[in-house]
Structure formats: C-alpha cells, structure tokens
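When a residue number appears, it is its place in the shown sequence, counting from 1.
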Amino acid sequence: MRLVFLVGVATATFASQAVWVTFAPVASLVAEELGVTVEAVGLLALLYPIFFLILTLPSGMLLDMNMRLWVTAGAVFTGLAGALRLLEPTSYQWLFFCQLLGAIGQPFLLNSFPAVASTLYPERRETVVSILSFSMYLGIIYALGTGYKIYNSYDILGLIAPVALISTLGALMTLAGALRLVNPSKGGVVSYQMAGAIRYVVRQRDLLLLGVLLGLGVALFDNMSIWLEAALSPAGLGDVAGVSVALALLAGLIGVIVIPGLVVRRARRTMYIRSIVVIVTLIYVILAFAPSRTSLLVLIPLAGFLMLPAYPVIMEWVSRFHEARVQGSAAGFIGLVSRVFTVVLASLAAAFIGGPTQYFLFLAALSTAAIIVALLLPGDR
C-alpha cells in the first residue's frame, strides 16, 4: 500500500497548492462577486504563508512522532478545505474558514517530503522527493494557468469544483494507504524526544545554511511574482512579466524531473547548489544592464529551470544525511528559516522597483549573498 499512500500524498500536495492560489488569477472578479475588497480576497492566499510560518516547526516535530498520522491529517485538512467550499461558494466568511483548514494542512504535507521518502522508498529517496516537489509546483501552475479561463466560463463554482474533487481523492487515497501501511514511522511516539529534536536541528549548521539558501531562492521568485511587472513597466516591458514568470515555472517543472536524480546519483548536491547561485547571479546582472523582451523571456525561464529543482535536492539532503527520527523537524526548521527570509526580502523589494536596472541589481545582490552562504556548505555531498 505504500504506492497508494505516495500517490495520495502527491495528489493532496497538488490540491493544497491549488487551494492556496485558487482565486489569485481572478481576485478582482471574485471580490466583486463576493461583495468584498480585492485585499480581502488576497488575504485568502496570505493565510497560507502566515500559518506555514507558525506551524512549520511544530508540524515537523509531529511528523517525527508519527509520519503516517500527521501526513494523513494534512491530507484530510486539505480535502476538507477543497470540498467544503462547494457548500457556500459565494460566502466570503465560509471560504475564509475553508482556507484556514487548507493553511493548517499545508505544513504537514510540505514538511513530510524527507520522511515520506525515507520511510516508503529509502532506496529511491530522490525520486520520491522529486515526485512530491513536482506535484507541489504543478498545483500552483494549474491554479494560476487555468483560473481566469475557468472562472469566465463557469463562474466561481466551476473554479472550485475540480480542486474539490482532487483534494477529496488525495485525502481518501492517503487515508486508504495509511491504514494499510506497515511500519510507517521511525521510532514512534514513545521514543521520540521533542526537546532532543530541537537541540539536534539547531546544532546542525547545514540545516541553517540550507534554510537561508531556500529563503533567498524563494524570495527571488516571490519577488518576481509580486514586483516584476511594476519594475519592468518604466522600461515599457511590463507586459513580459507574467509570461516570463509562467515560463520559468514550466521550465522549473522540467528541471525537477531531470536535475535532482542526476545530482543525487553523482553526489554533487553542494556543487549543484553553488553552481546555480553563481549562474543566477550572472543572469540578474545581465538583465540589470540589458533588459529586453528576448533576454527576459530566455533568462528568467533559464533561472527557473535551474533554481526550482533546488527544493527537492534540499529535501533529499535532509532525508539522506539526517537521522530518520528528526527529519520532519529538520524540514520544519529549514521552512521556518526560509520563510523569515522570504517575508523580509519581499517587503524590502518594494524600494527597488523604480526600474529594471535597480530591481535586478537588488536580486543580484541577494544571489551574491547566496553564493557566500553556499560556499559554507559541506563540500563532500
């Protein structure tokens, strides 16, 4: 039943991300239909990073106590979030409640990747982590890529119905697999020491460095998703922003399929991380001084192809080099550190959107900081 469990977790992860940004592509239209402000609709998406920041470390610790139980809980919360929206699809208060359920479930799914990989398929960790990461990115792309067309054709009910079905299937498959899964957790509740897990993760320098690197990487893409159009508009390139970011996500999906397996099989994790931060820094420097439609449509997708696979590589790193009893806590700690960097840097970026040169130089400065951090990683992995 481990295959059923894995497919269920992957499906629930896809659904979790789709629930997160369901209304993002049509925020103004949904706001008008619900009779609320656009900011209120934006708050539905903002709940996810807020709750991830709050729950990432506790969820990791609970996953270490019993992976099967808490991954299933994350899938069930996500299933409820997606399905219950069908009951009152035009009530903002009800949608807010359902979004809370999804926001609670997300950390239990995203922080489970190393533990799921180590428990189910220890001989193919990199493959499992890549599958789950692929599902994570694909859920975002699905919601952002189809939302406008679906809403204009089928209104809000048509927008949420497919996600409701997928989230329900994910919850049911995860639950079915969990009920039959043999030896799902490493060590169990009795032997688990929460204080010991905290002491372990905070003493591991590589986890802190990986959290900083992930935070810088996520901040780069969050910045482009939020501020790229505003930064390019003074140069008459604002219309390229959305297309280039979408292409970066699609290229990143291809990278997730191809890159992690090659890197892990050759034990070149550190080399890969160091290489991509150097290349991405050069990309942003080029874009700072030579912004054009061609350079944006080529180089930003190239950055996505190289950067997005870093997430499964980092999660595989945790599953490979850290004890099974603390892998959830380790993933949660990395998530905590990364989200702090992401929130702070996304806020700072607003001061650098006066034009493409200063904006991309700001991103290049972040990438340069990532180079310094990457050089501190253990070099034999």
Next on the checklist: Please find the pair of heavy atoms, one from L34 and one from P89, that lie closest to each other, and give the distance.
Outcome noted: CD2-O, 4.0 Å
Item to check | Main-chain N/O of S319 paired to Q327 side chain as donor or acceptor, under 3.5 Å | outcome: yes
Item to check | Close aromatic pair by centroid cut-off 6.0 Å: F77 and F108 | outcome: no
Item to check | Residue pair L216 / L220, side-chain heavy-atom distance below 4.5 Å | outcome: no
Item to check | Student check: side-chain heavy atoms of T119 and R2 closer than 4.5 Å | outcome: no
Checklist entry - Within the side chain of S59, is there an N or O that forms a donor-acceptor pair under 3.5 Å with the backbone of T56? => result yes
Next on the checklist: For the backbone of A115 and the side chain of S118, can you confirm whether one donor and one acceptor N or O come within less than 3.5 Å of each other?
Outcome noted: no
Checklist entry - Does CD in E32 sit with more than 12 non-hydrogen atoms of other residues, nucleotides or ligands closer than 6.0 Å? => result no
Checklist entry - Per the side-chain contact (heavy atoms from CB on, under 4.5 Å) rule, which among L228, L144, V240 passes with V245? => result L228
Item to check | CZ-CG distance between R68 and L179, expressed to the nearest 0.5 angstrom | outcome: 7.5 Å
Checklist entry - For atom CH2 of W317, is the number of surrounding heavy atoms from other residues, nucleotides or ligands below 6.0 Å larger than 12? => result yes
Item to check | Hydrophobic cluster membership, L169 vs L109, 4.5 Å side-chain cutoff | outcome: no
Next on the checklist: Measuring from atom CG of L377 to atom CG of L209, what distance do you get when rounded to the nearest 0.5 angstrom?
Outcome noted: 5.5 Å
Checklist entry - Is the shortest heavy-atom distance from the side chain of I257 to the side chain of S130 under 4.5 Å? => result no
Checklist entry - Between W20 and Y48, what is the ring plane arrangement, given parallel below 30°, perpendicular above 60°, and tilted in between? => result parallel
Item to check | L366 side, atom CG; Y284 side, atom OH - distance, nearest 0.5 Å | outcome: 9.0 Å
Next on the checklist: Do L376 and M271 sit in one hydrophobic cluster, given that two such residues count as connected whenever their side-chain heavy atoms are within less than 4.5 Å of each other, even indirectly?
Outcome noted: no
Checklist entry - Hey, are the side chains of P260 and V129 touching, using non-hydrogen atoms and a 4.5 Å cut-off? => result no
Checklist entry - Is a side-chain N or O of S167 found less than 3.5 angstrom from the main chain of A15, in a donor-acceptor match? => result no
Checklist outcome for this item: Rounded to the nearest 0.5 Å, the OG atom of S295 sits from the CG atom of L287 at a distance of 5.0 Å
Checklist entry - Does a side-chain heavy-atom distance below 4.5 Å link Q106 with L55? => result no
Checklist outcome for this item: Closest heavy-atom pair, I276 versus I273, reported as atoms and distance to 0.1 Å, is CG1-O, 3.2 Å
Checklist entry - Any side-chain heavy atom of M136 within less than 4.5 Å of one from L132? => result no
Checklist entry - Is a donor on one side and an acceptor on the other found under 3.5 Å between the side chain of T174 and the backbone of G8? => result yes
Checklist outcome for this item: For A374 and L213 the tightest heavy-atom approach is N-CD2, 4.0 Å
Checklist entry - Hey, what do you get for CG (L336) to CZ (F341), rounding to the nearest 0.5 Å? => result 11.0 Å
Item to check | Donor-acceptor pair, side chain of Y121 and main chain of V116, under 3.5 angstrom | outcome: no
